[in-house]
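Whatever order the structure lists ligands and atoms in, that order sets their numbers, starting from 1. Starting from 1, each residue takes its place in the sequence as its number.
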Amino acid sequence: MNLKGRDFLTLKDFTKEEILYLVDLAAELKQKKKKGIPVDTLRGKNVALIFEKTSTRTRCAFEVAAHDLGMGTTYLDPEASQIGKKESIADTARVLSGMFDGIEYRGYGQEIVEELAENANVPVWNGLTNEYHPTQMLADVLTIKEHFGRIEGLKLVYMGDARYNTGNSLMIVCSKLGMNFVACAPKAYFPNPALVAQCEEYCEKSGGSIVLTEQVTAAVTGADIVYTDVWVSMGEPDDIWEERIRDLSPYKVTLDVMNQTKEDAIFMHCLPAFHDLKTKVGSEMGRRFNIRDMEVTDGVFKSSKSVVFAEAENRMHTIKAVMAATLGAL
Ligand code: CP
Ligand code: NVA
């Protein structure tokens, strides 16, 4: 498998074999890290990390992974750089290509990361756009594989806003890998029909399936994995909270929901999560709408079924695999 020089913009661009290769490579790099065996074969290289939206996991994962691989990192905050205001994405891509060996981008429309990739002559990695979150998917698949020892045929139910980055990317990865994907949400929050059609084609090849439903019990019966994400994503307007809480509350992941799944089912979340009121936004919503949590209850989040922190750690190992493979460290 040779992924040297490839961009990592959406998993639509990758085959099942390539995705599984990256997940297996991440597992190998994880083992080595745990055993204290260094893999710093990218010494002397440097990567640029552009974050137009905030981040804890993705930024830390890129920085730690790059340092483990022997690379230097430069964090670029659009507020403190020329990006967007005084310099176009295309010019930024050309400038950064002259100094760096790879560029990570987190921001708004997918077309921005695509424009960056078109104009850069080094690999560009998507650290989240409105439409897709591909590095998150590799961490999720690694976590699922570690837990179940297999991927194909598992039923993953995504509850909440299924039109955004995490929901879209889960539908793509499940359909590429032969999993049974269910989006459980009000109709208005179903994924875009063109993307569903494209994923149905992937399913024909992989043996996976896609179901879109408003019915919680039908969705979660027989589920191996229940997955949710925040109800309002980064970059969305603050005045949307009230509508989202009203529309998506029936799709909250509760203990009652988890009790309808398979005995050994797990709970996943890309994080950050509103499972209590111990955040600025959470406490404000708690006061305004008289609620204690949002997309998941604290009970589920802290239960033995929850694998969210293993999933978060796997962001680093999988992002390391993406950089190692596309920069040709192996
Ligand atoms: N899951 C995820 O992308 O987290 P951050 O927003 O903290 O990077
Ligand atoms: N859908 C969320 C994912 C965060 C990792 C967002 O875009 O804010």
Side-chain angles (χ1 to χ4, degrees), residues 8-11 26 47 49-66 73 75-78 104-110 112-113 125-144 158-173 183-185 189-192 195 225 227-238 240-241 244-245 247-248 251-253 267-275 278-282 285 294-296 301 306-320 322-323:
F8 190 79
L9 306 181
T10 158
L11 289 183
V47 295
L49 309 174
I50 307 172
F51 281 84
E52 295 211 68
K53 289 176 176 169
T54 52
S55 169
T56 296
R57 275 147 292 274
T58 311
R59 177 181 175 182
C60 295
F62 269 99
E63 292 202 12
V64 172
T73 58
Y75 176 76
L76 283 160
D77 168 0
E104 180 276 353
Y105 174 85
R106 164 173 287 201
Y108 297 87
Q110 180 71 10
I112 304 172
V113 75
W125 309 297
N126 178 357
L128 176 146
T129 56
N130 295 345
E131 293 85 351
Y132 305 114
H133 197 3
T135 61
Q136 178 72 49
M137 297 305 113
L138 297 182
D140 296 344
V141 174
L142 175 59
T143 311
I144 291 168
Y158 178 83
M159 314 236 328
D161 183 357
R163 311 161 301 179
Y164 225 72
N165 40 30
T166 305
N168 287 343
S169 292
L170 282 168
M171 182 166 70
I172 295 167
V173 81
C184 182
Y189 294 82
F190 282 178
N192 155 344
L195 183 62
I225 301 138
Y227 197 124
T228 191
D229 184 9
V230 289
W231 288 342
V232 176
S233 285
M234 289 181 278
E236 295 199 284
D238 279 346
I240 205 92
W241 276 105
R244 290 291 164 79
I245 290 170
D247 291 350
L248 297 176
Y251 299 89
K252 180 196 301 262
V253 182
F267 168 72
M268 299 183 76
H269 192 310
C270 53
L271 305 181
F274 291 115
H275 58 93
K278 293 178 188 162
T279 59
K280 198 165 162 242
V281 175
M285 296 308 145
M294 282 193 262
E295 71 273 11
V296 57
F301 189 85
S306 174
V307 297
V308 296
F309 296 112
E311 192 183 351
E313 179 192 324
N314 283 338
R315 297 298 309 288
M316 198 284 285
H317 305 297
T318 43
I319 280 172
K320 189 186 282 180
V322 170
M323 289 195 289

Measure the distance from [atom] to every protein heavy atom, then report the residue, atom name and distance (to 0.1 Å) of the closest one.
{"atom": "atom 6 (O) of ligand 1", "value": "Arg106 NH1, 2.9 Å"}
{"atom": "atom 8 (O) of ligand 2", "value": "Met234 N, 2.8 Å"}
{"atom": "atom 3 (C) of ligand 2", "value": "Asp229 OD2, 3.5 Å"}
{"atom": "atom 4 (C) of ligand 2", "value": "Leu128 CD1, 3.9 Å"}
{"atom": "atom 4 (O) of ligand 1", "value": "Arg57 NE, 2.8 Å"}
{"atom": "atom 2 (C) of ligand 1", "value": "Arg315 NH1, 3.2 Å"}

Discussion item. If the cut-off is 4.0 Å to any non-hydrogen atom of Leu271, which atoms of ligand 2 fall inside it?
Written reply: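 Listed by number with element: 5 (C).
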Item to complete: Check whether any side-chain N or O of Asn165 sits under 3.5 Å from a backbone N or O of Thr129 as a donor-acceptor pair, and report yes or no.
Response: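 Yes, because the side chain of Asn165 sits within donor-acceptor range (under 3.5 Å) of the backbone of Thr129.
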Discussion item. For Tyr108, give me all partners under ring-ring contact (aromatic ring centres under 6.0 Å, His included), at least two apart in sequence or on another chain.
Written reply: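 With neighbours one apart ignored, the set is empty.
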Worksheet item: How far apart are the C-alpha atoms of Leu138 and Arg315, what are their side-chain angles, what is the distance that settles it, and do they pass the side chain to side chain contact (heavy atoms under 4.5 Å, CB included) test?
Response: CA-CA 8 Å; Leu138 297 182; Arg315 297 298 309 288; over 6 Å; no
Discussion item. Is the contact between Asn165 and ligand 2 made by the side chain, the backbone, both, or neither, using heavy atoms and a 4.0 Å cut-off?
Written reply: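 The side chain, only.
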Discussion item. Measuring centre to centre across the rings, with the benzene-like ring taken for any Trp, is Phe309 within less than 6.0 Å of Phe301?
Written reply: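 They qualify: ring centres under 6.0 Å apart.
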Worksheet entry | Pairs meeting criterion salt bridge (Lys or Arg N to Asp or Glu O under 4.0 Å) with involvement of residues 54-63, two or more places apart |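 Passing the test, one end in residues 54-63: Arg59-Glu63.
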Going by the atom numbers of ligand 1, which of them fall below 4.0 Å from some non-hydrogen atom of [X]?
{"X": "Cys270", "result": "1 (N)"}
{"X": "Thr56", "result": "5 (P), 7 (O), 8 (O)"}
{"X": "Leu271", "result": "1 (N), 2 (C), 4 (O)"}

Fill in: Side chains of Tyr189 and Asp247, donor plus acceptor under 3.5 Å
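Yes, a side-chain donor-acceptor pair sits under 3.5 Å.
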